[in-house]
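Written below as structure tokens is the structure these notes are about.
In listed order, ligands and their atoms are each counted from 1.
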Amino acid sequence: MLPRLVGQGIMLSRQAGGIGSRGPGESQLELDRRSIRHQIHDIERQLKVVEKNRSTVRERRLQSGIFKIGLIGYTNAGKSTIMNAMTDKCQYEADELFATLDATTKQIALSDTFQVTLTDTVGFIQDLPTELISAFKSTLEESMNVDLLLHVIDSSDPNHAEQEQVVLDILKDLDMLDIPRLAVYNKMDKTDDEFTPSQFPHVMISAKDKNAKAHIQMMVLAKLKTMFVPFEVKIPLAQSYRLHDLAKIALIDKREYVDDVEIVSGSIAKSNKWKLEEFLGEIL
Ligand SMILES: Nc1nc2c(ncn2[C@@H]2O[C@H](COP(=O)(O)OP(=O)(O)OP(=O)(O)O)[C@@H](O)[C@H]2O)c(=O)[nH]1
Ligand SMILES: [Mg+2]
């Protein structure tokens, strides 16, 4: 881009002309170049700040023990629409390629108490244009740290099978195939009746349907039950109120009262077992 300024510099200098105005073409050119270098430097600095903020937020989230879910899928599959349905918020969605170029994370309640973060990401595509690779990688980095991937598929697209495969291939390239996954077959409202899903487990929905949120919540909770490890704790009744914090990161199945003790059973992510021990340590 910079070399093209040569012509422009001369032109601008000719325009100036009079006494006290800028000198010959070269100095104008230098001015232009310096100003652009400043702008480039400025943008680079801003990008560094964004990156730094991102990694601090990411670190804080890693420490909190909150379960993390990432929405991934081919571009236009309906990830942002699902994000909106789950969070009751407005995230840019559009019928165009790469409507989302930046990762967005929101914390939501999956049941009365259980909290998760949900991250929307940029859509996958075959033969990604080089200009988009860095945006793609940096938003994907957000989903690298997640505990569960929701693979959103536009079931109504005649090429949905190829698109599913592209996503799975990219996951393999990124070493993300071992992250637990739930397939979300979306746009069922315009999918023909013969459609048969190929991935398991899955949920079939229309993101625009009012029941979409409840369906996804139910399937995610069922999936979590298979991933979590069971536990049983006894809490003195006087300390029962502290269960509130534990219930944000653990699924509570049953609460029983025996004398002045509450017996709580449920399940928790393996990575959070130490949190349970910390909790028990604090109440004893
Ligand atoms: N008919 C129908 N349209 C849907 C459904 N879900 C999403 N859409 C539409 O599909 C288009 C793409 O949705 P987005 O949510 O922006 O898709 P995305 O996966 O976030 O796309 P990128 O950000 O580009 O990767 C939008 O026009 C949505 O309104 C659905 O269940 N049924
Ligand atoms: Mg999007």
Side-chain angles (χ1 to χ4, degrees), residues 50 54 68-108 116-144 146 148-171 173-174 176 179 181-199 201-220:
V50 170
R54 250 192 200 165
K68 299 174 294 301
I69 300 177
L71 284 162
I72 52 151
Y74 208 80
T75 185
N76 213 44
K79 300 175 291 297
S80 299
T81 314
I82 290 175
M83 178 89 181
N84 286 345
M86 300 297 288
T87 57
D88 309 310
K89 289 263 166 55
C90 223
Q91 159 88 356
Y92 184 56
E93 61 181 78
D95 206 352
E96 60 188 45
L97 294 186
F98 306 118
T100 307
L101 264 180
D102 206 357
T104 323
T105 300
K106 298 263 158 61
Q107 187 163 328
I108 57 164
V116 297
T117 63
L118 195 59
T119 300
D120 189 11
T121 63
V122 60
F124 291 22
I125 193 172
Q126 206 153 17
D127 305 323
L128 195 72
T130 34
E131 313 87 75
L132 286 170
I133 286 178
S134 72
F136 183 76
K137 281 211 170 128
S138 100
T139 76
L140 262 185
E141 233 169 55
E142 290 270 339
S143 41
M144 297 273 199
V146 299
L148 176 69
L149 290 170
L150 297 187
H151 176 181
V152 182
I153 298 131
D154 177 352
S155 325
S156 71
D157 193 304
N159 295 322
H160 72 87
E162 287 90 331
Q163 295 174 350
E164 283 182 65
Q165 198 50 53
V166 168
V167 172
L168 294 176
D169 289 346
I170 294 175
L171 287 182
D173 282 352
L174 295 169
M176 288 168 73
I179 302 176
R181 229 170 34 242
L182 173 67
V184 180
Y185 288 99
N186 187 32
K187 306 198 190 181
M188 290 313 292
D189 56 308
K190 52 173 194 169
T191 301
D192 56 55
D193 296 341
E194 287 101 76
F195 177 81
T196 36
S198 57
Q199 296 189 59
H202 65 244
V203 57
M204 289 155 92
I205 54 140
S206 300
K208 301 202 157 178
D209 189 288
K210 61 175 178 3
N211 298 321
K213 182 180 177 178
H215 276 137
I216 295 175
Q217 281 179 331
M218 207 171 70
M219 279 306 290
V220 170

Check: With backbone taken as N, CA, C and O and side chain as the heavy atoms from C-beta onward, which portion of T75 lies under 4.0 Å from ligand 1: side chain, backbone, both, or neither?
Finding: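 Both the backbone and the side chain of T75 come within reach of ligand 1.
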
Margin query: Test of understanding: given a 4.0 Å heavy-atom threshold, classify the contact between N186 and ligand 1 as side chain, backbone, both, or neither.
Written below: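 Looking at N186 and ligand 1, just side chain atoms fall under 4.0 Å.
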
Is there any N or O on [X] that sits under 3.5 Å from an N or O of ligand 1?
| X | answer |
| --- | --- |
| N76 | yes |
| K187 | yes |
| T121 | no |
| M188 | no |

Checklist line | Presence of N, O or S from S80 under 2.8 Å of the Mg ion (ligand 2) | finding: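 Short answer: yes, at least one N, O or S atom is under the cut-off.
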
Output the list of atoms in ligand 1 that are nearer than 4.0 Å to some heavy atom of [X], sorted by atom number.
| X | answer |
| --- | --- |
| G123 | 25 (O) |
| K79 | 15 (O), 17 (O), 18 (P), 19 (O), 20 (O), 21 (O), 22 (P), 25 (O) |
| S206 | 31 (O) |

Sidechain-backbone polar pair: [X] side chain, [Y] backbone, donor-acceptor under 3.5 Å:
| X | Y | value |
| --- | --- | --- |
| K79 | T121 | no |
| N186 | V152 | no |
| S206 | D189 | yes |

Check: Using 4.0 Å as the upper bound for N to carboxylate O, is an ion pair formed by K213 and D88?
Finding: yes

Checklist line | Qualifying residue, where the test is side chain to side chain donor-acceptor pair (under 3.5 Å) with Y185 and the options are H160, H151, E164, H202 | finding: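 Testing Y185 for a side chain to side chain donor-acceptor pair (under 3.5 Å) against H160, H151, E164, H202 leaves exactly one candidate, E164.
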
Note to self: Set out, in order, the CA-CA distance, both residues' side-chain angles and the distance that settles side chain to side chain contact (heavy atoms under 4.5 Å, CB included) for Y74 and V166, then state yes or no.
What the structure shows: CA-CA 8 Å; Y74 208 80; V166 168; 4.0 Å; yes

Notebook entry, point to check: Does G73 come within less than 4.0 Å of ligand 1, judged by its heavy atoms?
Noted result: no

Next item on the list: Begin from the C-alpha positions of Q199 and L168 and carry the test side chain to side chain contact (heavy atoms under 4.5 Å, CB included) through to its verdict.
Entry: CA-CA 11 Å; Q199 296 189 59; L168 294 176; 4.2 Å; yes

Next item on the list: Verify the neighbour count for atom NE2 of H215: are there more than 12 heavy atoms of other residues, nucleotides or ligands below 6.0 Å?
Entry: no

